[in-house]
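Report on the structure given below.
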Amino acid sequence: MAILPIILTPEPVLRETAKPVDTITDELLSLLDDMADTMYDAPGIGLAANQIGRLERVIVMDCAKDGSAPELWKMINPEIIASSAETAKLEEGCLSIPGHNSDVVRPAEVEVRYLGTDGNMHEMQADGLLAACVQHEIDHLNGVLFIDHLSRLKRDMIWRKVLKEAKARI
Ligand code: GNR
Ligand code: NI
């Protein structure tokens, strides 16, 4: 159990592609526990390995409404195997780009195949916030950030502020 530091843009690890996991080790399971602790502490509804400086293809999510029971997802090597033609626009934020939320358009529904912590392959169907979240997290594993889905104008506006904030941190 540990809360890990969350890496902020423009750290290059956020632009790297994470590598598939081939063996579920105790170390990987404890990494997933630490990622869940880190996500809940932030608080956020998802976290991808790149955000804590690791390049394994693992994500955690919990999109349960405030006040209801937690619904923790831990996914190893998650893959989108189908996306709806229908799109949905939802306000997204990112723990690695704090304070810069923006509407993002994505497929409204997706089907995801992943390796569970039980060692078995699973498929899940998601819509609503969970669909946006799982696409956001899988994007991270591919070095993609939600601002990449915005218009150039909006992206540049956020990026300028992000660089200014990064300079102020030094
Ligand atoms: O906490 C988060 N909120 C969120 C809202 C809408 C769509 C995606 C997300 S994920 C984000 C946490 C994060 O940065 N995950 O990578
Ligand atoms: Ni994010």
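Start at 1 and go down the list; that is how both ligands and their atoms are numbered.
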Exercise for review: Quick one: look at E92 and ligand 1, take heavy-atom pairs under 4.0 Å, and tell me if it's side chain, backbone, both or neither.
Suggested key: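 Contact part for E92 vs ligand 1: both backbone and side chain.
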
Practice item. Given side chain to side chain donor-acceptor pair (under 3.5 Å), test N142 with R57 step by step and report yes or no. Key: CA-CA 9 Å; N142 295 323; R57 298 189 76 84; 2.8 Å; yes

Practice item. Compute whether any side-chain donor of one residue and acceptor of the other, for N77 and Y114, lie under 3.5 angstrom apart. Key: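 No pair is found: no donor N or O on one side chain lies under 3.5 Å from an acceptor on the other.
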
Compute the shortest N/O to N/O distance between [X] and ligand 1 and return yes if it is under 3.5 Å, no if not.
X: H140; answer: yes
X: C133; answer: no
X: E91; answer: no
X: A48; answer: no

Check your understanding: Can a salt bridge be assigned to the pair E123 and R113 using a cut-off of 4.0 Å between side-chain N and carboxylate O?
Key ->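 Yes, E123 and R113 are salt-bridged.
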
Exercise for review: Enumerate the atoms of ligand 1 whose separation from the nearest heavy atom of E137 is less than 4.0 angstrom.
Suggested key: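 Those of ligand 1 that fall under 4.0 Å from E137 are 10 (S), 13 (C), 15 (N), 16 (O).
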
**Study point:** Close-contact set for ligand 1 against Q51 heavy atoms, below 4.0 Å
**Key:**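 Every atom of ligand 1 under 4.0 Å from some heavy atom of Q51: 13 (C), 14 (O), 15 (N), 16 (O).
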
Considering non-hydrogen atoms of the protein only, which is the closest contact for [atom], and what is the distance?
atom: atom 8 (C) of ligand 1; answer: H136 ND1, 3.6 Å
atom: atom 1 (O) of ligand 1; answer: I45 N, 3.1 Å
atom: atom 14 (O) of ligand 1; answer: L95 N, 2.8 Å

Point to revise | Residue among V13, L95, L4 satisfying side chain to side chain contact (heavy atoms under 4.5 Å, CB included) with I52 | key: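 That would be L4; it is the only one of V13, L95, L4 passing the side chain to side chain contact (heavy atoms under 4.5 Å, CB included) with I52.
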
Practice item. For S96 and P98, work out which heavy atoms get closest and say how close. Key: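 In this case the closest contact between S96 and P98 is C-CD, 3.4 Å.
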
Practice item. Counting heavy atoms only, name the option from G93, A42, G44 that's nearest to atom 9 (C) of ligand 1. Key: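 Checking each option, the heavy atom nearest atom 9 (C) of ligand 1 is found in G93.
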
Practice item. Determine, considering heavy atoms only, which of G46, C94, P43 sits nearest to atom 12 (C) of ligand 1. Key: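 Comparing heavy atoms across G46, C94, P43, the nearest one to atom 12 (C) of ligand 1 lies in G46.
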
Practice item. Walk me through it: do Q135 and H149 pass the test side chain to side chain donor-acceptor pair (under 3.5 Å)? Key: CA-CA 11 Å; Q135 292 175 80; H149 295 284; over 6 Å; no

Hey, does [Y] have a side-chain heavy atom less than 4.5 Å from the side chain of [X]?
X: V134; Y: W73; answer: no
X: L31; Y: V58; answer: yes
X: M35; Y: Q51; answer: no

Check your understanding: Looking at the Ni ion (ligand 2), which N/O/S atom of H140 is the nearest one?
Key ->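 Of the nitrogen, oxygen and sulfur atoms in H140, the Ni ion (ligand 2) lies nearest to NE2.
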
